[in-house]
Amino acid sequence: MIALDKNRAKTERYVADYEKIEGEIAAHEPIWLHQIRKEAISRFQELGFPTIKEEEWRHTNVTPIVKREFTLAGAAAIDSLPDTIHHVTFPDSDFTQLVFVNGFFSPRLSHLNSLQDGIRVESLAQAIACDANALEPYLSRLGSYEEHPFAALNTALFRDGAYVHIKKGVVARTPIHLLFISTSPKQAVVSYPRTLVVAGAESQATIIESYAGVEGEVYFTNAVTEIAVGENAVIEHYKLQRESAQAFHIANMLFYLDRSSNFASHSISLGGSLVRNNVNAALNDEGIECTLNGLVMAAGKQHIDNHTYIDHARPHCASHELYKNIVDDHATGVFKGKILVRRDSQKTDAKQTNMTLLLSDEASIDSMPQLEIYADDVKCTHGATTGRLDENALFYLRTRGIGKPAAKNLLTYAFANEIINRIRIDAVREQLEQILRERLPFEQND
Amino acid sequence: MLEIRNLHVNVDGKEILRGIDLTIRAGETHAIMGPNGSGKSTLAQVLAGHEAYEITEGVILYEGQNLAELEPEERACAGMFLAFQYPVEIPGVSNTYFLKTALNAIRKARGEEPLDAVDFLALVKEKMKLVHLDEKLLHRPVNEGFSGGEKKRNEIFHMAVLDPKLAILDETDSGLDVDALRIVAEGVNALRDETRAVMVITHYQRLLNYLVPDFVHILAKGRIVKSGGRELALEVEENGYVGLEEPTEVLQPVGY
């Protein structure tokens, strides 16, 4: 109880942050949003920071975040991206790119040149100021901040973020890249990136979220992403997390899928010292296909936790989930994959696979599949494997002249490649291949 | 090129090889034959440097170097090649990618520049023809989903690309139909010249019709019990291994 009370006490800083900005909220935002924020901050106060006594947080201890005093990030005017994170921008692509610095839209660093008719991509703050009515049915309505203290905190405190709206029947020609960078050279800041994507019926688009920071800097990113996928729409979502190795990153992703839609989300976690992703996909009507892929590469003392939850609420839907973890050194990984098949959700086809490669004796993984099935005519499978590099394969490679470290790297690369190969956007796949090859050198000319 | 003197090898504390003596000179092809459990594959694995095999006595010299002091990859870079009895599947690594990495590692060890993509592809196309390897197998993960025959031909393909001085073939003929057998033999014959040597480990005489050895050695219970020319293989084909094992050992139960 003492620990719990302590964590409660720590919420006060954040409540104070809210009080600081509430005047501005009241002055500029519609009443409904102000109301949501009030509810969110009071819900956060009730919930407090989670402790490892709570089932959902049993394997992830957020004390390092709770203990630290983060300063609420303000709009930071920077003229150019720091060199160290320039490589995350897909410079040779024609992507529409919005850049956010500490959660605030930076028009100077963004380019919206290729926007088509029927597609809106803009600052969330601006959308709230100009067209709040369009947002009202979606913003914070999709997922519950009731259960997740970090989502509640984001809902109360976000100042800006991305708003993407694709009209019915519109096919986006180029991917939309939302790049959230953090910079906190003087003091550790907390930012609250917020993304809302509304994809109309029969629309088609690719959304890429990147999170990156300056190596060596300590900061806390607490993000929420909501994506509403309309009937028959086809949406691909990528989340590329490359925070600094000292950063804290917590993200809640809420996908709300409508009839016969096809949705795929690829989550790549490479950075951060303490990372937690909550991925919630709600399959709310019939005929939906939902794919969740994930890749984690944790080394040093990193802790990377993925919690996924797929809610099969209606019949005739399919979900495919493949998460792979590569854990090295003293790092720890967590995967919890829950699949709920409700009573009326007959003919559900759900497949979940979680595979982990442990590269050192000290590395560890907690992998927990959790299937709750209340329908009786369904196909649901799950599998989890944890292992080390195959000694036979290693020997085979070495007998062909490949040195031991390179052979290990090549096999590790191959393990990751199953996820990378599923990435359909060439520029994204190539960028990740490049990163992997740098982390896992195995070619002689590297 | 290869000199094995009084080689004793343990696996999991059990003695599998019990005093092998064998000398292979450049230009020669030696066939090692023997019944199951005689130690043939152990010999191949020891030569390639598998860690599970412990040399308890004796020495292996390859071009004058003590092989025990070389890591498996150093042996490969020094020109040794083992075609596996059971080639390993490596999901996620394409056959060409793997081969290019291997070849350039070996070239680097020889002090040569790495081959670029164009030159590598030209080399691969040439060697592929040698073993009639389907081009689609180049782009698939190494050995994954290959048929048994394709795996064996892929081994010979790797050998042809890596261009070793000493090739050791561990039952590369097992499970092959006669056409595949001929292709494998042709692949090996193409490599043979006076500067190289081949050690063929086989259970059956059949391969030796196409890949004619200079010497045949019969291995039984961890020792070479008889050596001879080509005709020894035919003798085995005729009579089996009966009478070729040491009399005192014949009465031991199988699997002892």
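All values below were derived from every heavy atom in this structure, side-chain atoms included, with hydrogens, water molecules and symmetry-related copies excluded.
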Contacting moiety of [X], where chain A heavy atoms sit under 4.5 Å:
X: B:His50; result: both
X: B:Phe98; result: both
X: B:Pro164; result: neither
X: B:Glu51; result: side chain

Please check if atom [atom1] in [X] has more than 12 non-hydrogen atoms from other residues, nucleotides or ligands closer than 6.0 Å.
X: B:Asn66; atom1: CG; answer: yes
X: B:Glu113; atom1: CD; answer: no
X: A:His320; atom1: NE2; answer: yes
X: B:Phe120; atom1: CZ; answer: yes
X: A:Lys351; atom1: NZ; answer: no
X: A:Arg388; atom1: CZ; answer: yes

Work out which heavy atom in [X] is nearest to a heavy atom in [Y]; give both atom names and the distance.
X: B:Ile90; Y: A:Leu397; result: CD1-CD1, 2.8 Å
X: B:Cys77; Y: A:Gly401; result: SG-O, 3.9 Å
X: A:Ala414; Y: B:Val93; result: CB-CG2, 3.3 Å

Given that the side chain runs from C-beta out, which part of A:Leu411 has a heavy atom under 4.5 Å from chain B: side chain, backbone, both or neither? side chain
Exercise: do A:Tyr396 and B:Asn143 side chains pair donor with acceptor under 3.5 Å: yes
To the closest 0.5 Å, what do you measure between CD (B:Glu74) and CZ (A:Arg398)? 8.5 Å
Gap between atom OG1 of B:Thr101 and atom CG of A:Leu410 - 0.5 Å precision: 5.5 Å
Angle between ring planes, A:Phe395 versus B:Phe84, binned at 30° and 60°: parallel, tilted or perpendicular? tilted
Greatest number of heavy atom pairs closer than 4.5 Å to chain B - which of A:Glu418, A:Glu391, A:Arg400: A:Arg400
Between B:Ala76, B:Ala109, B:Pro72, B:Gly92, which has the largest tally of heavy atom pairs under 4.5 Å with chain A? B:Pro72
